[in-house]
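Right, one structure below, let's go through it.
A note on names: the letters A, B, ... follow the listed sequences, proteins ahead of strands, and every chain is numbered from 1. Reckoned from all heavy atoms, side chains included, excluding hydrogens, waters and symmetry mates.
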2 protein chains.
Amino acid sequence: MNYGLFNLCIIMNLKDGLSHYSNLSPVEIDKSLSLFTPEKLRAKEYFLKQGKVSDKIGFLEFGMLRSFFYDENGNDITTHFFQPGQIIISMRSFNAQLPSKENIMTIEESSLLVITYKNMIALYEKIPVWREITKMVDEHKFNQLNKRSIQLQTLSALERYQLFCEKNPLIIKSVPLRYIASYLGIDIATLSRIRKKI
Amino acid sequence: MNYGLFNLCIIMNLKDGLSHYSNLSPVEIDKSLSLFTPEKLRAKEYFLKQGKVSDKIGFLEFGMLRSFFYDENGNDITTHFFQPGQIIISMRSFNAQLPSKENIMTIEESSLLVITYKNMIALYEKIPVWREITKMVDEHKFNQLNKRSIQLQTLSALERYQLFCEKNPLIIKSVPLRYIASYLGIDIATLSRIRKKI
DNA sequence: ACAATTGTTTGACAAAAGTCAAAAAAAATG
DNA sequence: CATTTTTTTTGACTTTTGTCAAACAATTGT
């Protein structure tokens, strides 16, 4: 059982990831995977809508998604990007089964392996190790968020953008700049000027 | 079982909190509390040091603590304030038993109820409901951090400070401004000017 | 109580980031 | 492939925030 599971990246699929990084047996892996169903989404389709209780999470095979919400002025605020190999989840809504405060939407055509909340619970009963896997995902998400929070707290717009580029070359390539600007808390015009400077 | 548990605030102690907000029986509560030991700390004492694996968490009865780290220039960056009624924990270090990236230190004289990692594990075995309580604490911490992250992303220095004052009157009263400035990602001189403006 | 230390405010200035509007470029659509 | 539509860049300007140093205030230890 290993944190690498959630940095799988593009190369690996869910099955290979589980066999490399979890200590599930091949039989358990097959039993687990039978509860996931493939789902294809076109660009700009919702995976989760603000206000609804999240009833599923997904493992992203390929494509790109983002989570966002609308602030009091109707601005679209991006809060997260989801890359291949990552778990698509709204932690608060899925874990506590509360109405979501954010949308999750594809940026481009995407392919996921989806498991419903009901099946996830079933999985916990059948294969208790999955509780640990979930715990690891949650911890990983917490640590990511913590890093992000510290970056927003301590870095200038320029530094945030530079670090983001360094750590997320894939996102830079395939995501509209205005989403990245909003994610970094920078005005789109300012980001444009920062880019010119580099 | 109820989220109110982690917004107990000053009025309530751990015992009352557990009996009001958890569904532990009185016997279970007493059994649980026997694994917590009182700990008094003077001002500016460490509860946890950067680099060490956290071996305990605490419930704060009274006093005030903060977590912080030193950045590459040696600046002291405050990442969190802990108020009475809250759980003192470094999530990453305690949950995953990894070396801590942050310090936790009292700001003023404080009184805690402390439980060691070993005893926490014992508690999970004796009273499995504690796994759920922990899960709720973790979820609550995640949601708090998520809020904070969005505030850093979307609000101006002035707005961040105003919101902070509104939500944390106790902290404003008893914590040096430079800690608050650092927590909000604002230069101390800028914060001083913001305060004059209000 | 007094010196020493630590914390906060202020001034003068510089740099960073935001605003609004228009132009340019790129992407989507028929 | 030409035309909408969307996205990005740019210009001119304003506002916000940071920097450095000094003055001032508060707190602490002896």
Side-chain angles (χ1 to χ4, degrees), chain A residues 41-45 63-64 66 68 70-78 81 105-110 150-165 168 171-198, chain B residues 41-45 63-64 66 68 70-78 81 103 105-110 150-165 171-198:
Chain A
L41 292 173
R42 307 200 154 279
K44 306 223 170 190
E45 275 195 82
M64 185 81 70
R66 71 185 179 111
F68 66 100
Y70 295 104
D71 71 8
E72 61 284 0
N73 307 315
N75 299 313
D76 168 329
I77 312 288
T78 294
F81 295 106
M105 186 185 252
T106 53
I107 293 172
E108 54 186 45
E109 191 186 355
S110 302
I150 289 170
Q151 285 165 16
L152 288 166
Q153 181 186 352
T154 60
L155 303 182
S156 69
L158 176 92
E159 292 169 322
R160 296 201 299 277
Y161 178 69
Q162 282 182 321
L163 193 58
F164 185 85
C165 290
N168 304 282
I171 298 179
I172 290 293
K173 275 196 223 322
S174 54
V175 169
L177 275 178
R178 77 205 155 91
Y179 295 159
I180 294 168
S182 138
Y183 176 76
L184 296 174
I186 307 171
D187 186 273
I188 174 74
T190 300
L191 180 58
S192 181
R193 292 191 175 96
I194 284 172
R195 281 160 51 80
K196 203 165 79 173
K197 200 153 63 177
I198 303 176
Chain B
L41 293 173
R42 308 200 154 279
K44 304 223 171 190
E45 274 197 81
M64 184 82 68
R66 69 183 180 111
F68 65 99
Y70 295 104
D71 71 8
E72 62 283 2
N73 305 316
N75 299 313
D76 167 329
I77 312 287
T78 294
F81 295 107
N103 303 284
M105 185 184 252
T106 52
I107 293 172
E108 54 186 45
E109 190 187 355
S110 301
I150 289 170
Q151 285 165 16
L152 288 166
Q153 182 186 353
T154 60
L155 302 181
S156 69
L158 175 91
E159 292 169 322
R160 297 202 298 278
Y161 178 67
Q162 282 182 321
L163 193 58
F164 184 85
C165 291
I171 298 178
I172 290 292
K173 274 196 224 322
S174 54
V175 169
L177 275 179
R178 75 204 156 92
Y179 294 159
I180 294 169
S182 137
Y183 176 75
L184 296 174
I186 307 172
D187 186 274
I188 176 73
T190 300
L191 180 58
S192 182
R193 291 188 176 98
I194 284 172
R195 282 159 52 81
K196 206 166 76 169
K197 200 153 64 175
I198 304 178

Which of these nucleotides, [options], is closest to any side-chain atom of [X]?
X        : options                : value
B/Leu177 : D/dT9, C/dT9, D/dT7    : C/dT9
B/Ala157 : D/dT17, C/dT19, D/dT9  : D/dT17
A/Ile186 : C/dG7, C/dG18, D/dT7   : C/dG18
A/Ala189 : C/dG11, D/dT10, D/dT17 : D/dT10

Check: [Y] and [X] side chains under 4.5 Å, non-hydrogen atoms:
X        : Y        : result
B/Val175 : B/Arg66  : no
B/Tyr179 : B/Ile171 : no
A/Ser182 : A/Asn75  : no
A/Phe81  : A/Asn168 : no

> What is the bend of the helix from C/dA1-D/dT30 to C/dG30-D/dC1 when you compare the axis at one end with the axis at the other, using five pairs each and rounding to 10°?
Replying inline: 60°

Expressed as a whole number of angstroms, how long is the span from [X]:[atom1] to [N]:[atom2]?
X        : N      : atom1 : atom2 : value
A/Arg178 : C/dA26 : CZ    : P     : 17 Å
B/Leu184 : D/dT17 : CG    : P     : 12 Å
B/Ile194 : D/dT15 : CD1   : P     : 16 Å

Does [N] have its OP1 or OP2 closer than 4.0 Å to a side-chain nitrogen or oxygen of [X]?
X        : N      : value
B/Ser156 : D/dT16 : no
B/Lys196 : C/dT10 : yes
A/Thr190 : C/dA17 : no

> Charged N to carboxylate O under 4.0 angstrom, B/Arg193 versus B/Asp187?
Replying inline: no

> If we ignore angles and hydrogens, is there a donor and acceptor under 3.5 Å between the side chains of A/Arg195 and A/Tyr161?
Replying inline: yes

> B/Thr106: what forms a side chain to side chain contact (heavy atoms under 4.5 Å, CB included) with it, not counting sequence neighbours?
Replying inline: B/Leu41, B/Glu45, B/Leu65, B/Ser110

>> Looking at the base of C/dT19, is there any donor atom on it, or on the side chain of A/Arg193, that sits under 3.5 Å from an acceptor on the other one?
In response: yes

